[in-house]
Amino acid sequence: MSHRTVPHHASQPRIPHHVVRVRFAPSPTGYLHVGGARTALFNWLYARQQGGQFLLRIEDTDKARSTDESTRAIFDGLNWLGLNWDEDVVYQGANLPRHQADARRMLDAGAAYRCFCTPEELEQRRKLAAASKEAFKYDRRCDRLAPDEVSKRVADGMPFVIRFRVPEGETSWDDIVHETISFPNKDIEDFVILRSDGTPIYNMAVVSDDIAMRITHVMRGDDHISNTPKQIQLYRALGAELPRFAHFPMIHGLDGKKLSKRHGATAVSDYQHLGILPQAMNNFLVLLGWSPGGDREVMSMDEMIQLFSEKGLLRKAAVFDTKKLDWMNGQHLSRLSAEALAPLAMATFIREGLLTENDPTATSPEFYKLLDFVKERCRTLDDLARLARPYFTKLPFTIDPALVDSHLRKDAAVTKALLTDSTTALEALTGWTPEAMEAALRAVAEKHGLAAGKVFQPIRVAVTGSTVSPGIFEVLVQIGRDVSLQRLKEAAALAT
Ligand code: GLU
């Protein structure tokens, strides 16, 4: 029988060809993976840039593995990244009647046929083929059944699947990323589109939904390349216009292997909880398979929308390097104004016990000043909270015992003398200003015959509990006279 096409859904409103409609179609069987987030981001950017629509379809047809919790995790992840979708969420499972109707239309038009071979029979034939080292391919025996025989079997209630009859020739498409991809159709067996229980196979459901959702560009991971020829054949059989396809490269770990949990966190929410900013996450993800050209890397969301282009999509596998993510986060963090940073940092500061829910401090000029003060040296929101902690002077202050050992107790006698002399010198100051402090502390260093840095470092450890901080005089100003002097005295007492 020859390959024929069936008419397009009559009820479907045609939309102007130039309106871009893309979709993100995750299966809700786990958390939102960074690879999924990258696919969502590319689709979202493309839609936003082209003034099109970005749709979300939850592919929940695998009832055994799909969970509401996972669907929620997908929503949460996309919301956190700011990848808002247009129109109502489409749940694939709700479209079962259309999937079945589309499969039927192909059956009625002769583009598909009923297959009564049982799984056991197929398994046996597969084994026979394997024994004689032949590639197994369904031999179309049910396509050769006489129409009367088919009717009789159906009337007898014999279970059947619906198989698509793969046409002769080859299937190729002009992939946005890979250019021309071709598959000889002889390598593709007549694949099942509807199981004997009436449920659709993945490729059937996807094509039926993509047609109904009027998707113009199907953009997804390389792992779907082998599905694409089958999907194209279904589009043609259903008489629908083909979308354009783009297949993004796989994401690898630093060792060149496919990204997996072995490489560290792969859930978007893990990075959220590690204090990564959503715009930094997006900026990091956008460079996994795309480049704006030149050596430009740090971009705001608006810049990404502007710069995103088909041309910049790359073919080679992208490398997921969390060090780069941390660096990227630091870049975004230090570019944010304190006012913009404060609400993003709120959850981390609450978790770390620095602020409480609805804390008025969080919108105070002092807090903004503090954020501006410490943000330059931070890569994550956790760093920000850690570096900001010593300036919350009403909270208990302790120095990590390891730091006490390495910095206060190591040369205990010298350190004690330095801290005591510095305290005395600072206490004598009439004005608590950087200039006055500098003069006083340089004099202490001179008295001990040491470089100034040797005096500043134990002071830094004493008042911040850290070896990293902004300039020491600004630190002392920010902490204030009384608390600084008190911490210096406590540290001197520890230097024994
Ligand atoms: N549900 C598929 C997946 O999560 C995506 C299907 C598609 O984008 O065509 O891999």
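We count ligands from 1, going down the list as the structure has it; atoms in each ligand are counted the same way.
Within the 4.0 Å heavy-atom criterion, the part of Tyr202 lying near ligand 1 is the side chain and not the backbone.
Centroid-to-centroid, the aromatic rings of Phe373 and Phe367 stay 6.0 Å apart or farther. Between Trp80 and Phe75, a ring centre-to-centre spacing not shorter than 6.0 Å is recorded. In summary, the aromatic rings of Phe42 and His217 are positioned with their centroids too far apart to meet the 6.0 Å limit.
Of the protein's non-hydrogen atoms, the one nearest atom 8 (O) of ligand 1 is Arg23 NH1, 2.8 Å. At the top of the distance list for atom 5 (C) of ligand 1, counting protein heavy atoms only, stands Ala25 O, 3.2 Å. The single protein non-hydrogen atom nearest to atom 10 (O) of ligand 1 is His224 NE2, 2.9 Å, given as residue, atom name and distance.
Residue Phe24 places no heavy atom under 4.0 Å from ligand 1.
Listed by number with element, the atoms of ligand 1 under 4.0 angstrom from any heavy atom of Arg220 are 7 (C), 8 (O), 9 (O).
The side-chain contact (heavy atoms from CB on, under 4.5 Å) test with Trp85 is passed by exactly one of Leu78, Asn43, Leu55, Val90: Leu78.
Heavy atoms from other residues, nucleotides or ligands lying under 6.0 Å from NZ of Lys63 number more than 12.
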